[in-house]
Amino acid sequence: KKLKPQGDWRLKREISVLTKLQNVSNVIHLYGVYGNEESPIIATEYIKKDDKIIPSYENLKWLMRSILIGINGAHNRNVVEKISNVL
């Protein structure tokens, strides 16, 4: 993922979050950060996407479960605040 030039804090935040979530199920794996401050590149695992597949009910249930497992792992590592604190 090649990032557009933006605030240095955004890059640091994204790297920090991905580092904290390295061993969480259903969260993309961070391999490293390359390049320089003007054009940083974050290397993550490749996820193949097929837009032509219409998901079945079972696939949607699996997807929602996977998302919730990832969010739970992020919450357990203090990356995600409680919903009540955000709203």
Side-chain angles (χ1 to χ4, degrees):
K1 176 179 177 181
K2 187 172 184 179
L3 301 175
K4 297 176 185 174
Q6 52 188 317
D8 190 38
W9 62 273
R10 289 184 183 184
L11 175 62
K12 288 179 181 177
R13 181 182 62 187
E14 184 165 353
I15 293 168
S16 172
V17 167
L18 288 173
T19 302
K20 286 181 183 179
L21 300 177
Q22 279 301 297
N23 297 317
V24 175
S25 296
N26 303 324
V27 175
I28 198 163
H29 181 75
L30 173 69
Y31 291 115
V33 181
Y34 306 97
N36 54 34
E37 291 183 12
E38 289 82 35
S39 59
I41 298 171
I42 296 178
T44 60
E45 65 183 302
Y46 177 73
I47 306 294
K48 186 175 179 182
K49 178 175 116 175
D50 190 356
D51 293 331
K52 296 178 183 176
I53 295 177
I54 297 173
S56 67
Y57 179 71
E58 292 300 318
N59 288 346
L60 289 174
K61 280 176 39 177
W62 174 84
L63 178 63
M64 287 303 301
R65 184 174 188 279
S66 298
I67 291 170
L68 291 173
I69 288 171
I71 291 172
N72 185 50
H75 177 71
N76 289 339
R77 286 171 174 75
N78 297 318
V79 173
V80 177
E81 296 181 24
K82 291 181 182 177
I83 298 287
S84 59
N85 293 342
V86 176
L87 301 176

Colleague: Quick check on the hydrophobic clustering: are Ile67 and Trp62 connected, directly or via other members, by side-chain heavy-atom contacts under 4.5 Å?
Modeller: yes

Colleague: Please report the shortest heavy-atom distance between Leu30 and Ile15, naming the atom on each side.
Modeller: CD2-O, 4.3 Å

Colleague: Between atom CG of Asn26 and atom CD1 of Ile69, what is the distance when rounded to the nearest 0.5 Å?
Modeller: 5.0 Å

Colleague: Indicate the atoms forming the closest heavy-atom contact of His29 with Glu45, along with that distance.
Modeller: N-OE2, 2.8 Å

Colleague: Starting from Ile71, can I reach Leu63 by hopping between I/L/V/M/F/W/Y residues whose side chains sit under 4.5 Å apart?
Modeller: yes

Colleague: How long is the gap from CZ on Arg65 to CG on Asn72, to the nearest 0.5 Å?
Modeller: 11.0 Å

Colleague: For a quick test of reading the model, state the closest non-hydrogen atom pair linking Val24 to Gly73 and the distance between them.
Modeller: CG1-CA, 3.7 Å

